[in-house]
Amino acid sequence: GLSAPLVIIILLTVLIIGIVGGYLLSKNDTLFNKGTKYINGLSNDITELKINDVLKKLEEYSDKSLQIDLVIPNDVTSISKGAFFHAKFNSVTIGSNVMYIEDEAFAWCKQLSAVSFSNSVISIGENAFANCQNLTSVTIPNSVNYAYGNSFRNTGINTPIFNDHLFIMLPTAYTSTYSIPNGITTVAKGACENCSELTNVTFPSTLRFIREGAFSGCSNITSIILPSGVDSIDASAFANCISVDSISLPNRNVIIGKRAFKGCLNIESIRIPENVSTIGSEAFWGCSKLKTVYWDAKRCEAPQLFGSGVTTFIFGEAVETVPNTICYSMSNLASVVFLGNNVNIIGDSAFYNCDGLSSFTIPQSVVSIGEAAFYGCSNISSIEIPQLVAAVGDKAFYNCSRLDSIVWNAKNCGDFSQYNSPFYGTSHKYFLVEDEVEYIPAYICYSMQSLKSIYIGKKVNSIGENAFYNCSKLKSATLNSE
């Protein structure tokens, strides 16, 4: 029989003949198989092209100066990750049924100078044509809905890449200003990443989605004005835009991703509009000049958005919920202002460790104060609990070490236990129960050994279990009876 090396040479000879004829693969030729998937002629259900192993053999045996024109057969619907990585092609024609070109499919094809896409292509993966240095232009069919800024990075293309609705890439060397074309609905992930010479971007009114890292590292952009129709600003979309000094967000049910504006060093103030629904963690961290936040969002999830440098936090008239951890560990926060009277919930850890606060007025509309809401606010000296408050979370005022007096107005607040007293860990000396209160909750001042004086309003008719248990320094209790 034939020796193995001879068989390989014969097969490669057939392969090279196919190449010289202008096709690496054609429908009627059986060139190779990989695993259980046979390419061309042996199977009618080929959906995925994986030929990197064959290309490596071609690299070993073929003439390295050979000009190859690759035609992807119409049977193929998917070109797999790294399928033609570092291959030597002059041009590529994508078959009429290919829908997916996966990550790095044609990366580092340095000879590649032309690509013809079919209208069947839906997705072009990350780094799909990266480092194809001879590729100077592409036309993206309107069928493409998914692509990435790095899909064509480090090629010879020096003009913006987009179709009628998807903006894919702005070359990093692009200078001055740029207007994204009207009709664009999506700016792709990393589309303008590290375009450090770009000073201004104008967004079309049609824009809806700004994908992850789309403008990250655009260090010379000075302002961001987003159109009213934007639905989503994904993670790190404008991170490290260090020259940005103003941001205008749309007033709609927009979702702002994690770290969306992290590291925008020159922002001094920000307004969060009324209808913003979700903001991811650390969205404005590292904005070292940010001092004032205008928070108008009615109900918004907002975990630890801002760094410690904020000094003034203003809640607008429409606000109904102060989100969990909204001002978490803002050590420089000196002033909190409520412009309206619609707030009914102060969330868990909302003002946790805000030790720069020396006073705080809880709005009269509040019905619930979350767990650890004011934990560690060590400079607040007095607090008044409004009449409508029905629940105060565990350790709500824990370690408020300078809290000296508490005024209790809550008429319908439930009982506490010895393990979840809201004032546990404080050193308050005076506890005043206002005249409209009828019931003092159980364990409310349990084991408050610094408590010296209590005043009980005239309508109180019941005191809960162990309300003042083990208050060993209590010297004065005044009951104002009618």
Side-chain angles (χ1 to χ4, degrees), residues 320-325 341 343-353 360-378 380-482:
E320 297 176 0
T321 299
V322 175
N324 297 344
T325 70
N341 201 27
V343 176
N344 50 54
I345 295 173
I346 296 178
D348 296 346
S349 302
F351 300 97
Y352 186 100
N353 271 349
F360 195 98
T361 301
I362 299 173
Q364 292 298 310
S365 53
V366 169
V367 298
S368 176
I369 300 171
E371 292 184 9
F374 296 92
Y375 186 114
C377 293
S378 57
I380 293 178
S381 59
S382 64
I383 199 75
E384 180 175 341
I385 308 301
Q387 193 173 93
L388 297 179
V389 170
V392 183
D394 186 20
K395 296 182 180 178
F397 296 90
Y398 183 81
N399 205 26
C400 293
S401 55
R402 287 188 174 88
L403 186 59
D404 192 58
S405 65
I406 298 167
V407 177
W408 184 266
N409 270 313
K411 293 178 66 175
N412 299 300
C413 189
D415 287 333
F416 305 104
S417 74
Q418 68 183 86
Y419 302 109
N420 73 346
S421 172
F423 304 110
Y424 178 77
T426 66
S427 57
H428 67 279
K429 299 179 179 68
Y430 308 100
F431 189 83
L432 186 150
V433 180
E434 286 283 25
D435 286 345
E436 295 302 312
V437 177
E438 297 179 0
Y439 175 69
I440 299 175
Y443 292 93
I444 191 166
C445 291
Y446 180 84
S447 199
M448 300 299 173
Q449 297 188 15
S450 61
L451 186 61
K452 293 182 177 181
S453 175
I454 60 175
Y455 172 91
I456 299 175
K458 59 188 178 184
K459 289 189 178 180
V460 171
N461 54 45
S462 180
I463 298 175
E465 180 184 8
N466 293 322
F468 300 100
Y469 178 87
N470 198 28
C471 295
S472 58
K473 294 184 179 180
L474 183 61
K475 295 180 178 180
S476 171
T478 302
L479 178 61
N480 183 14
S481 58
E482 290 184 320

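FYI, the numbering just counts along the sequence from 1. Computed from heavy atoms alone, side chains included, the values below leave out hydrogens, waters and symmetry copies.
- With respect to Cys445, the side chain to side chain contact (heavy atoms under 4.5 Å, CB included) criterion is satisfied by exactly one of Phe416, Trp408, Tyr424, Phe468: Phe468.
- No side-chain heavy atom of Val343 sits less than 4.5 Å from a side-chain heavy atom of Ile345.
- Looking only at side-chain heavy atoms (C-beta outward), Met448 and His428 come within less than 4.5 Å of each other.
- For Thr478 (side chain) and Tyr455 (main-chain N/O), no donor-acceptor pair under 3.5 Å exists by modelled atom type.
- Sequence neighbours left out, the pairs with a member in residues 416-430 that pass salt bridge (charged side-chain N to carboxylate O under 4.0 Å, His left out) are Asp404-Lys429.
- Across all their heavy atoms, Pro323 and Ala350 have their closest contact at O-CB, 3.8 Å.
- Shortest non-hydrogen contact noted between Pro441 and Ala467 is O-CB, 3.7 Å.
- In this structure, Cys400 and Ile380 have side chains that are not in contact, with every pair of non-hydrogen atoms separated by 4.5 Å or more.
- At a cut-off of 3.5 Å, with distance as the only test, a side-chain donor of Glu384 or Asn409 sits close to an acceptor on the other residue.
- Here the closest heavy-atom approach between residue Pro422 and residue Val392 is recorded as CB-CG1, 3.4 Å.
- The line from OG of Ser462 to CD of Glu438 is 10.0 Å long, rounded to the nearest 0.5 Å.
- Between Tyr443 and Tyr419, the closest side-chain pair of non-hydrogen atoms is not below 4.5 Å.
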| task | Assess whether side-chain contact (heavy atoms from CB on, under 4.5 Å) is satisfied between Gln449 and Asn470, documenting all intermediate values. | result | CA-CA 7 Å; Gln449 297 188 15; Asn470 198 28; 3.3 Å; yes
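- Rounding to the nearest 0.5 Å gives a distance of 12.0 Å between CG of Leu388 and OG of Ser368.
- Proximity of Val460 to Ile440: side-chain heavy atoms (C-beta onward) are separated by under 4.5 Å at one or more points.
- When every heavy atom of Leu451 is checked against every heavy atom of Cys471, the shortest pair comes out as CD2-SG, 4.0 Å.
- Rounding to the nearest 0.5 angstrom, the gap separating the OH atom in Tyr430 from the OG atom in Ser382 is 12.5 Å.
- In this structure, the separation between CZ on Arg402 and OG on Ser378 is 6.0 Å, given to the nearest 0.5 Å.
- Ile346 has its side chain within reach of Phe374: a pair of non-hydrogen atoms, C-beta onward, lies under 4.5 Å apart.
- Tyr352 and Asn324 form no side-chain donor-acceptor contact under 3.5 Å, judged by distance and modelled atom types alone.
- Comment: Glu436 engages Lys459 in a salt bridge, judged by a side-chain N to carboxylate O separation of less than 4.0 angstrom.
- Aromatic ring orientation, Tyr446 versus Tyr469: parallel (interplanar angle below 30°, classes split at 30° and 60°).
- Side chains of Asn344 and Val366 form no contact here, defined as non-hydrogen atoms less than 4.5 Å apart.
- The ring of Phe360 has its center closer than 6.0 angstrom to the ring center of Phe351.
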| request: Evaluate the side-chain contact (heavy atoms from CB on, under 4.5 Å) criterion for residues Ile444 and Phe431: first the C-alpha distance (whole Å), next the side-chain angles of each, then the deciding distance (0.1 Å), finally the verdict. | output: CA-CA 10 Å; Ile444 191 166; Phe431 189 83; 3.6 Å; yes
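- Summarising the geometry of Gly347 relative to Ala373, their closest heavy-atom pair is O-CB, 3.8 Å, with the distance given to 0.1 Å.
- Smallest separation of non-hydrogen atoms from Asp435 and Gly457: OD1-CA, 3.2 Å.
- Judged purely by atom type and a 3.5 angstrom limit, Thr426 uses its side chain to pair as donor or acceptor with the backbone of Phe423.
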| query | Would Glu371 and Lys395 count as a salt bridge (charged side-chain N to carboxylate O under 4.0 Å, His left out) if you check the C-alpha gap in whole Å, the side-chain angles of each, and the deciding distance to 0.1 Å? | reply | CA-CA 6 Å; Glu371 292 184 9; Lys395 296 182 180 178; over 6 Å; no
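- Within the 4.5 Å cutoff, side-chain heavy atoms of Gln364 are placed close to those of Asn341.
- Atom CD1 of Ile369 and atom CD1 of Ile385 lie 4.5 Å apart (nearest 0.5 Å).
- The side chain to side chain contact (heavy atoms under 4.5 Å, CB included) test with Val407 is passed by exactly one of Ile383, Val433, Leu432: Leu432.
- Distance check: Lys411 NZ to Gln387 CD gives 5.0 Å after rounding to the nearest 0.5 Å.
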